[in-house]
Amino acid sequence: MDKEIKLAGWVHRKRHHGGVIFIDLRDREGIVQVVVEEKTNPEAYEVADRLKPEYVIGVIGKVRKRPEGTENPKLKTGYVEVVADKILVFNTSEPLPFPVEEETPVSEETKLKYRYIDLRRESMKNNLIFRHKVYQITRNFFTNEGFIEIETPFLTKSTPEGARDFIVPSRLHPGKFYALPQSPQLFKQILMVAGFDKYFQIVKCFRDEDLRADRQPEFTQIDYEMSFVSEEDVMDVAERLVATLFKELLGIELKTPFERISYTEAMERYGTDKPDRRFGLELLELTEIFKNTAFKVFRSVVEAGGIIKAINFKGSNLSRKEIDEITKFVQSLGAKGLAWIKVEKDKLTSPILKFFSEEEKQKLLEKVKAEPGDVILFSADKKEMVYKILGNLRLHLGKKYNLIDESRWDIFWVVDFPLMEWDEEENRFVSLHHPFTMPREEDIPKLKQALEIEDLEEKKKLVHSVKARAYDLVLNGEEIGGGSIRIHRRDIQEVVFKLLGIGEVEAQEKFGFLLEALKYGAPPHGGLAFGLDRLVAIMLGLDSIRDVIAFPKTQRGICPLTNAPDYVEPKQLKELHIKVVE
RNA sequence: GGAGCGGUAGUUCAGCCCGGUCAGAACGCCGGCCUGUCAAGCCGGAGGUCGCGGGUUCAAAUCCCGUCCGCUCCGCCA
């Protein structure tokens, strides 16, 4: 108190009363009120009079207690103020395109174009500081656990499988390209072969796919890998890291070990492998009840091997208008329509009721535990379609009708994934996780056996029964991490490649270095990667990861700040041996 | 590749259905007044290619077609 201090920052607001001027001076730490009186300091008053919002100034003055009755409890510094002796203007500012205070929202494009102003906003600033703390806690955690942080290259090799690569032309090698890594997957496995039995990295990854609220073309992973471990060891590290972050940053004690549910259970009950379990509306299985129904739509689905499931939206009393809206929603997902039954006090209302027998009605109502006010929403289609439609519908209803318990942190593992699934479009098996995932020990013979089978349906059946030693971590209905025990034996890796339709020549060309490495004493190993952006966003209760990334891209992959991507000079193209066609 | 929502003043929005006193509000900005405010207050003022292009019409922010941009979702994202 009463000591002379020097401050610097931005003019957040100015309140001019004629004779006395108040300036809210803002820096990274917060806001403090500077006061200038004409009577006692005409020189500083003169300067203050000309200040405008966002001018960058220095203030030399004395801190004092505010006069009684003028304190502002809304400010951390609201009980003191700085009496300016001298005010220096370091820089002026034109009127801002949008205000730093956050009362009015601003469109995403404007925010990103003037990101340096957006980042002056309290919430954005806090998000980035929070993210910084996540980095620090993560690094400390892994260091204390004996992990070594090692950087892996960004200029690397394009590999098949997975997402589309961003590619970088090579000047020194005409016609050749580097690819930006989709993840450090292969490098961290090779680090295991190298004997760094505990590795971690906070690292950028790049995937050239369409964007979403939770997807950016470049994003950050917390990546780690360990040797001589089982699933339990890898999951234990993940649980302790997440628990540490929650405790230190949010003061929340998460119960460990986290719950586990199987992939099959997740799909059957929620229609997705990353369910939001903070509300009900679970999927109910009805195929058996309707397998001989007179209702043609249902019966033909069952006959074609499809399934019938429903959601009972309990007590919703949906109106026709609401049901129409829901119908539109499921149609946008590819449903042909929506069958529904409204349960009223003494009757059922539904356009499809007349097709059902008494027995079917009885069994149905029993199965869905129908009560007056309920509305039953059906989906009958191929299994994948039913899961997609009802899984998305469930989420849609949960959000729209505010069923989600936002106070809950629901974190759990999804395990027992199938190793591969059949891809209709590509007409081959594809990895659910990635091609380096270890199958369950007892399933390895099945893979070898499957290679011999000619009949496709039979082959599918066998392959689908093979489970992966993989695990996904789900938080509030979002996948925040995933990993697996990897294949460390060359013979198993070769079988997997073969089943995936990656021929020996291609395997050698694309992954030869990995197969080679597996020959020279590769230890058993496994790991996991967290989506750091998603984790931070969820912890902060934000819907979009753009709000935890300093300079994100728009949905079309554009950076409005720099206007990237952009054309380059013909000279640059020439050096890179690139010709642009069209 | 597909579906939905949006684009009007510096910002956030209303107006659009039903074409014609519909170029509007708030905040911000500019000028003035004001000695205890803190989203200060009061008085006055300036500010628009209604995203862009085409069409319908006597007349288009408003209706139609196309297109661009932003957002959300499906596909895609091992």
Side-chain angles (χ1 to χ4, degrees), chain A residues 12-25 31-40 45 52-53 66-75 77-78 81 94-114 117 159-165 182-183 185-186 205-217 219 325 328-335 385 388-389 391-392 395-396 399 417 419-421 423 425-426 429-437 468 470 479 482-484 496 500 502 529 531 543-544 546 553-556 558 560:
Chain A
H12 189 62
R13 258 192 290 261
K14 187 176 89 170
R15 290 176 295 280
H16 199 311
H17 286 255
V20 61
I21 297 171
F22 300 99
I23 299 155
D24 285 344
L25 184 69
I31 286 173
V32 68
Q33 173 167 282
V34 175
V35 59
V36 195
E37 280 185 76
E38 183 172 28
K39 200 169 62 188
T40 55
Y45 182 85
K52 295 187 194 309
R66 290 199 189 183
E68 213 172 309
T70 67
E71 300 90 350
N72 181 1
K74 279 190 264 178
L75 277 185
T77 61
E81 62 190 5
E94 293 192 10
L96 261 39
F98 57 89
V100 171
E101 53 233 292
E102 305 192 47
E103 288 84 49
T104 46
V106 179
S107 78
E108 199 67 22
E109 197 182 9
T110 309
K111 275 164 69 99
L112 296 186
K113 180 168 178 190
Y114 302 98
I117 291 166
T159 53
E161 299 286 303
R164 197 175 291 113
D165 287 320
Q182 296 174 28
S183 81
Q185 182 59 35
L186 296 177
C205 303
F206 306 86
R207 293 177 191 177
D208 188 5
E209 296 292 347
D210 287 359
L211 275 49
R212 287 282 194 289
D214 63 349
R215 270 160 39 188
Q216 283 275 307
F219 60 99
E325 185 274 330
K328 264 196 195 148
F329 176 79
V330 295
Q331 280 172 335
S332 79
L333 295 170
M385 198 57 163
K388 174 181 159 187
I389 288 165
N392 281 109
L395 210 52
H396 175 74
K399 282 180 188 156
F417 284 84
L419 185 71
M420 301 175 189
E421 59 185 3
D423 187 313
E425 239 165 74
E426 293 197 48
F429 291 105
V430 294
S431 298
L432 227 75
H433 190 57
H434 59 52
F436 319 106
T437 303
E479 185 200 323
S484 63
V496 169
L500 291 173
I502 301 172
D543 291 327
S544 167
R546 286 189 301 271
K553 311 243 179 326
T554 67
Q555 198 172 41
R556 296 205 60 246
I558 284 164

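As the structure is a computational prediction, the values presented were derived from the model and not from experiment. The sequence lines fix the lettering, A, B, ..., with proteins before strands; numbering per chain opens at 1.
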Base [N] paired with [X] side chain (donor-acceptor, <3.5 Å):
| X | N | value |
| --- | --- | --- |
| A/Glu425 | B/G75 | no |
| A/Arg212 | B/C71 | no |
| A/Gln33 | B/U37 | yes |

More 5' along RNA chain B: A/His16 or A/Val20, using each one's nearest nucleotide?
->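 In this pair, the answer is A/Val20.
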On RNA chain B, nearest-nucleotide positions of A/Phe22 versus A/Val430: which is more 5'?
-> A/Phe22
Nearest to side-chain heavy atoms of [X], which nucleotide of [options]:
| X | options | value |
| --- | --- | --- |
| A/Pro105 | B/C71, B/G10, B/U12 | B/U12 |
| A/Leu333 | B/U72, B/C74, B/C29 | B/C74 |
| A/Asp210 | B/C73, B/G1, B/C38 | B/G1 |

Compare the ring of A/His17 with the six-membered ring in the base of B/A40 and state whether they stack (centres under 5.5 Å, planes under 30°).
-> yes
Centroid under 5.5 Å and tilt under 30°, A/Phe98 to B/U11 |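 Stacking is absent between B/U11 and A/Phe98, given that the ring centres and planes do not meet under 5.5 Å and under 30°.
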Using the [atom1] atom as the point on both nucleotides, what is the distance between [M] and [N], in whole Å?
| N | M | atom1 | answer |
| --- | --- | --- | --- |
| B/A9 | B/C50 | C1' | 10 Å |
| B/C63 | B/G20 | C1' | 14 Å |
| B/C27 | B/G41 | P | 8 Å |

Between [X] and [N], does any side-chain N or O lie under 4.0 Å from OP1 or OP2?
| X | N | result |
| --- | --- | --- |
| A/Asn72 | B/U37 | no |
| A/Arg13 | B/A40 | yes |
| A/Lys52 | B/C30 | yes |
| A/Arg15 | B/U37 | no |
| A/Arg556 | B/U72 | no |
| A/Ser107 | B/U12 | yes |
| A/Thr554 | B/G70 | yes |
| A/Lys399 | B/U72 | no |

Taking the six-membered ring for Trp, are A/His396 and A/Phe329 parallel (under 30°), tilted (30 to 60°) or perpendicular (over 60°)?
-> parallel
Report which part of the nucleic acid A/Pro97 touches: base, sugar-phosphate, or nothing (heavy-atom distance under 4.0 Å, all strands).
-> sugar-phosphate
Sidechain N-carboxylate O distance under 4.0 Å for A/Glu209, A/Arg215 =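 A salt bridge is absent here (no side-chain N lies under 4.0 Å from a carboxylate O).
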